[in-house]
Amino acid sequence: MAAEVVGGALLSAFLQVAFDRLASPQFVDFFRGRKLDEKLLGNLNIMLHSINALADDAEQKQFTDPHVKAWLLSVKEAVFDAEDLLGEIDYELTRCQVEAGSEPQTFTDKVSNFFNSTFSSFNKKIESEMKEVLEKLKYLEQQKDALGLKNGTSYSDNKVSQKLPSSSLVVEKLPSNLHKLTKLCFLEFENTKVTEMPIRFGELKNLQVLSAVFVDKNNEFSTKHLGWLNLHGGLSINEVQNIVNPVDALEANLKNKNLVKLELKWKSDYIPDDPRKEKKVLENLQPSKNVEHLSIENYGGTEFPSWVFDNSLSNLVFLKLEDCKYCLCLPPLGLLSSLETLEIIGFDGIVSIGDEFYGNSSSSFTSLERLTFSNMKELEECERKTAAFPRLEFLKVYQCPKLKGLPDQLVKVKYLDICGSMKASCLESFDLLEQIGIISSCVSLTTFPLDFFPNLESLFLLECRNLQIISQKHTHNRLMHLTIVSCSRFESFPSEGVSAPRLRIIQIDGADNLKLLPKRMQILLPSLSLLQINKCPKVEMFPDEGLPPNVKDVSLSSFKLMASLRETLGTNTCLESLCIENIDVEFFPDEVLLPHSITSLRINNFPNLKKMHYKGLCHLSSLTLHACPNLQCLPEDGLPKSISSLEIWNCPLLEQRCQNPEGQDWKKIAHIEKLTEVVGGALLSAFLQVAFDRLASPQFVDFFRGRKLDEKLLGNLNIMLHSINALADDAEQKQFRDPHVKAWLLSVKDAVLDAEDLLGEIDYELTRCQVEAGSEPQTFTDKELPLNLHKLTKLRCLEFENTKVTKMPMHFGELKNLQVLNTVIFDRNNEFKSKHLGGLNLHGRLSINEVQNIENPFDALEANMKNKDLVELELKWESDHIPDDPRKEKKVLENLQPSKNVEHLSIENYGGTLKNKDLVDLELKWESDHIPDDPRKEKKVLENLQPSKIVEYLSIKNYGGTEFPSWVFDNSLSNLVFLRLEDCKYCLCLPPLGLLSSLKTLEIIGFDGIVSIGDEFYGNSSSSFTSLESLKFSKMKELEECERKTAAFPRLKTLSVYQCPKLKGLPDQLVNVKNLSIIYSMEASCLERCEHTVSHNSLEALTFFVFPIMNISMSRSFDLLEQIRIFGSCDSLTTFPLDFFPNLKDLSLFSCRNLQMISQDHTHTSLEILSIRSCSRFDSFPSEGLSAPQLWTIDIDGAENLKLLPKRIRILLPSLYVLNIINCPKVEMFPDGGLPPYVEQVSLSSFKLIASLKETLGTNTCLQSLSIKNMDVEFFPDEVLLPHSITSLKICRCPNLKKMEYKGLCHLSYLKLSDCPNLQCLPEDGLPKSISSLKIWNCPLLEQRCQNPEGQDWNKIAHIEDLIVRS
């Protein structure tokens, strides 16, 4: 049956908006004016075009590949994030323009103050969010190969449009004179606190995209004003209860608006006076048939109008009905023939769902794929007697505690998630399930019967507190993944073993009662490759027959299991990786303990391990040591030569001995190629445990119910955090081998911290409410904590960041159960002292303020910080504190030493010295607007802040001295690997940093006073910067010269020069640089003077961005360059000589306005991708043709002067696969020899080229896909026009096309018609039967004729399997 979907232009629409914005000079001016990083704009532009290039292919493949569909959804979210971010900038630009208008006006005092006071924070926010968006887009773009996505055309037309401000700024009102922007056609303000529309808003009659409106009884703007607007895209109408007269709703004229997404929201606490009026209002808000996504929240009627369910919305694919608590029955939604996703949430009054839900139809919900029931407190039954849900795959049931069963028609569901819902008996009929996730649900589930689910592939059982057994009588041929976590009563597998020949992964964690692993594993589980048995204390042996032969990865936390592993495996095994955790031994491993096949060993959390045996490690190539605090040294004989990878993580004693070069164990490991020391790791598990404790609290659910919040959010968060927790151990192992896993783990930690912060806010609010409900009335403000807080004797978590609290309340020391405390403040006149911390078992984060009030250093010692499981610690003295006795200050700090687990340490306004502190990461920051009175005092302060030699990372920002103390450069910091000096604007010369022998990364930023960098920077040494690998100069406004006469930078690989506009040259010694980026830097002819920098044999990647007056001198070969990207730069570049770049693989030349030709004398054997865009003067390729046997993509767009394609293309470009020739009006023919034989994809915008294509190809061709764009024809294609080999045809942006010819389409299987506004109909004879996929986008006349079932052309396309019609 044909699947028809209407709408979906959001992605392309938002991309077009983004391209328009990024092309705006105001955006670049904004970044320059705010001193933001301009390269972010360029990178975003590149990434969005890269994503756009993949979009067409992805939108075709999403219907056959669920991974591509998921990728496309992620892309849309990322693009929307990017558009929101650009909208914020555009909103700020708009605001500035409005405020600079003809008369003074108020943007509300509060909002004006906001903008004035947060200028710098806004800048930081923009840069941070843009980097985050870039990371998302880059990650998605990198997945293209794995998904098999191919590039299409990557650049959209630059259409002139006035759009704007999408804003996520936290403002409360829109500008009062917004109405003056009379040409405004795009306005978004999601995620703000705006609750009303400004006066005269109805005058904005050109609006086409509007994210939201608020209905206000007392405001002149009402829903009838919407009737004047030609809106499309998405719209959210809020405060619908304020529509007093249903006629106003009718005048909104939603029925005639081209909206694809609509939200209708009443206020959550609204109590309707007249349910009939409510229904009439909703009836009159009926959207057009084009709507795809519809959400109705807090509707106050008792029943829904007919348009919700009678297929008036024939293209509706998503419907959410939420908290419509006055409805006692559901409408017949089963009649919605296109509906794919349905969410029913918070219908408190519904006890039973029966036939009324399905409608009078022999088959209901014919297209539904995803169904969610959530927070249905009273729902007991959900029944259906006739057919329904033929396509349903995903079913989620959350917080439906009384539900006894589900309809028989749900038996085809493949993926089931349940949380806090249902009885175990409800699962028995789901025999087609492929994935089951059960979290904290099904109290009655004691036995999980595998036989009931013959198609099950993945089973996740988390916190099923009564689960005891997994039963099985027959072999299970589908199961591949089995996870059992925190099921404390689980005790046994099937008595004869788990028979699952495809099972690859078994993960069991926290099964306290389990004694035996499955029997006969070696025979019954032949595919098993990963086995994890952790925190199962009663499991002491493997099965007698041993482990399966293909097990490669094992994780254990039992010494008995580990001791029996070698004997269990025998001599025939594939086992390569072993992880051992939480074992109490002092010496490890014994010589004969580990199987010889193991090459990778991870030792994790051995608290008492002191010594390692050399002979037990002889077979290893990789060794990881994690959280072994008492491990004193490596084996006396060193480590075996076979070990090529060593990672030491949270082993403080060992880390000291492995320092380079003075560490006692350094020589034992110096030969190892991959040597990594990582500090930290406890943060994630600590905060996850806090989150689980909070989410398990009944008070949290009561809080959500009492505040009428969405309870399902708690359940969803619990599910996600447990899912993350289940992956965390594996990720922490794999992060060292896989950088993508490491990046994922860092993102997870950030997200978990955000979740913990959010839960902390709720916990704080609960605490406040409980205290206020105490015995006597009292006041709680953000200036003081409650006086009777001590009465909460069971309080475990207290956080009060971003408040004005300056002291702890009386009796605070009585809160003995506190585990998480973000802040304490010491007061000389208060009974709470630092010694009271000694009795608290704190973990997570802690900030200790007013440390100067600790009079007796012994009190600091009694705080017992050394034995607290803190991972983040801040110690703050009063900023104006003047110490009487620096020795006492030092003793206090000494006695506040934290435990070895601490990962983040901050010390502010300390009155002693740092020289004897074991810090590895130190930041010293002055206020950015600090104006020093006495530079000598500034230097003395910095001199006295000298850290110990252990420090590895040092950052100094806004320092007010004129020179640096000697410890910064005299190798006192012998282990320093990273140094950043930023905005030290009073320094007129740099210190001799070349003397720092261990320094690997150096960043010099914002030294406004420096004009020249000479020998003083390098130091008096024959060779300087001997270890430096990355060097960055940024925001050096006056810097002109950077010279060095003797050797330097022997290992430098990456050089970045940002915003150094006057720089004339670079040092001669940059002979090994592989990656060079010059962004908004240097004057004309700069590269002529730094030819030695870029014309050598090391450079692999070169990027120039937007400095048109730069000249490129190319007199020598760039032997190792693999990638060149030049954007809007190098006006002197008229000829690009390929011969100078023999290893070049990717060449992108964008907007090089004087580029005329590409020259070549010799065959280029490396070039794979050639892209020339918006180079209007480009007119020729090499005279004898372009010889590049590996070239597979040629992409030329906007070369207005180009007349001929490369000669002899068939012979010289044998690998060519993709050929795009767009907007090149003078190119009228293909080369005489024809196209290469393997060309599969061609994009053209010239009718003459299309007309000659068939003859050019002949009979022997691989060409399958043809895209035609921007062509001025009325009829297409002619019967003999297209080559017979073409099976895929895309016709895009042909504004005058009116009619299609049937015979010209006969060989096709795929046809896409896009942006052809005058295309009136399909061929009279219909479409050929060979076409199995048809996409029609933004062809309004044709769309009307293709509607199901009334459209005049519907019968011509009804047979097509893959059918999409969108506007």
Side-chain angles (χ1 to χ4, degrees), residues 3-11 13-14 59 62-63 66 69-77 79-80 190 211-212 231-237 254 257-265 282 285-299 304-305 307-324 330-347 357-359 364-375 388-398 413 415 417 710 712-713 716 1337 1348 1363-1367:
E4 183 190 9
V5 185
V6 178
L10 278 177
L11 180 60
F14 281 110
E59 288 184 351
Q62 64 172 318
F63 303 100
K69 189 171 185 178
W71 179 88
L72 200 55
L73 288 172
S74 298
V75 162
K76 288 180 179 178
E77 291 178 6
V79 169
F80 292 166
E190 293 177 302
S211 63
L231 296 178
H232 57 82
L235 174 65
S236 176
I237 302 179
L254 295 183
K257 300 195 187 307
N258 194 21
L259 296 172
V260 292
K261 183 176 182 180
L262 177 63
E263 294 180 348
L264 301 172
K265 298 180 181 181
L282 183 56
L285 288 174
Q286 177 179 351
S288 79
K289 62 185 177 183
N290 293 329
V291 78
E292 297 179 4
H293 292 251
L294 175 64
S295 175
I296 300 174
E297 296 182 23
N298 301 306
Y299 167 56
F304 289 88
W307 64 259
V308 174
F309 53 82
D310 67 2
N311 252 334
S312 298
L313 309 181
S314 55
N315 298 297
L316 191 68
V317 295
F318 176 94
L319 174 61
K320 178 167 73 172
L321 303 178
E322 183 170 2
D323 292 334
C324 305
L330 292 172
L333 302 176
L335 301 175
L336 295 172
S337 57
S338 298
L339 193 64
E340 296 179 0
T341 300
L342 174 61
E343 298 181 2
I344 308 294
I345 304 168
F347 278 62
F357 178 50
Y358 301 88
S364 302
F365 295 106
T366 52
S367 300
L368 198 68
E369 298 175 359
R370 296 172 179 268
L371 174 61
T372 297
F373 290 115
S374 178
N375 198 19
F389 308 112
R391 297 187 179 183
L392 191 68
E393 294 190 355
F394 296 84
L395 175 62
K396 297 181 180 180
V397 184
Y398 296 161
V413 168
Y415 305 94
D417 283 342
D710 188 353
K712 77 169 185 177
L713 295 174
N716 291 348
W1337 289 355
N1348 175 10
L1363 173 63
I1364 295 179
V1365 184
R1366 293 181 177 175
S1367 57

Response to the item:
CZ (Arg391) and CD (Glu340) are apart, to the nearest 0.5 Å, by 8.5 Å
Worksheet, complete the sentence: To the nearest 0.5 Å, atom CG of Leu368 lies from atom CG of Leu336 at 9.5 Å
Practice prompt. Using a 4.5 Å cut-off on heavy atoms from C-beta on, say whether the side chain of Pro287 contacts that of Leu262.
Written response: yes
Practice prompt. Looking only at non-hydrogen atoms, find the nearest pair between Leu321 and Phe347 and report the distance.
Written response: O-CE1, 3.3 Å
Discussion item. Any heavy-atom pair between the side chains of Tyr299 and Leu264 that's under 4.5 Å?
Written reply: no
Item to complete: Taking all heavy atoms of Ser337 and all of Thr366, pick out the closest pair and write down the distance.
Response: O-OG1, 3.5 Å
Worksheet item: Do the side chains of Gln286 and Pro305 get nearer than 4.5 Å, heavy atoms only?
Response: no
Worksheet item: Lys265: what forms a side chain to side chain contact (heavy atoms under 4.5 Å, CB included) with it, not counting sequence neighbours?
Response: Ser236, Asn238, Glu263, Glu297
Practice prompt. Please say which of Val291, Leu231, Leu285 ends up in a side chain to side chain contact (heavy atoms under 4.5 Å, CB included) with Leu254.
Written response: Leu285
Worksheet item: Are Phe389 and Leu395 close enough that some pair of their side-chain heavy atoms sits under 4.5 Å apart?
Response: no
Worksheet item: In Å, rounded to the nearest 0.5 Å, how long is the span from CG of Asp323 to CD1 of Ile345?
Response: 7.5 Å
Fill in: Gap separating the CD atom of Glu369 from the CG atom of Leu342, nearest 0.5 angstrom
12.5 Å
Discussion item. When you compare the side chain of Glu343 with that of Phe318, does any pair of heavy atoms fall below 4.5 Å?
Written reply: yes
Practice prompt. Kindly compute the distance separating CG (Leu316) from OG (Ser367), expressed to the nearest 0.5 Å.
Written response: 11.0 Å
Item to complete: Assess whether atom NZ of Lys257 is packed by more than 12 heavy atoms of other residues, nucleotides or ligands within 6.0 Å.
Response: yes
Worksheet entry | Heavy-atom pair of closest approach, residues Gly359 and Pro332 | CA-CB, 3.7 Å
Item to complete: Measure across Ser364 and Pro390 and return the closest heavy-atom pair with its distance rounded to 0.1 Å.
Response: O-CD, 3.7 Å
Worksheet item: Just wondering, do Asn1348 and Ser314 contact through their side chains at under 4.5 Å, heavy atoms?
Response: no
Worksheet item: Is the Phe365 ring parallel, tilted or perpendicular to the Phe357 ring (thresholds 30°, 60°)?
Response: tilted
Discussion item. If I take atom CD1 from residue Ile296 and atom CD from residue Glu322, how far apart are they, to the nearest 0.5 angstrom?
Written reply: 11.5 Å
Fill in: Residue pair Trp307 / Leu294: nearest heavy atoms and the distance that separates them
CZ3-CD2, 3.7 Å
Worksheet item: What heavy-atom pair brings Leu333 and Leu319 nearest, and what distance separates the two atoms?
Response: CD2-CD2, 3.8 Å
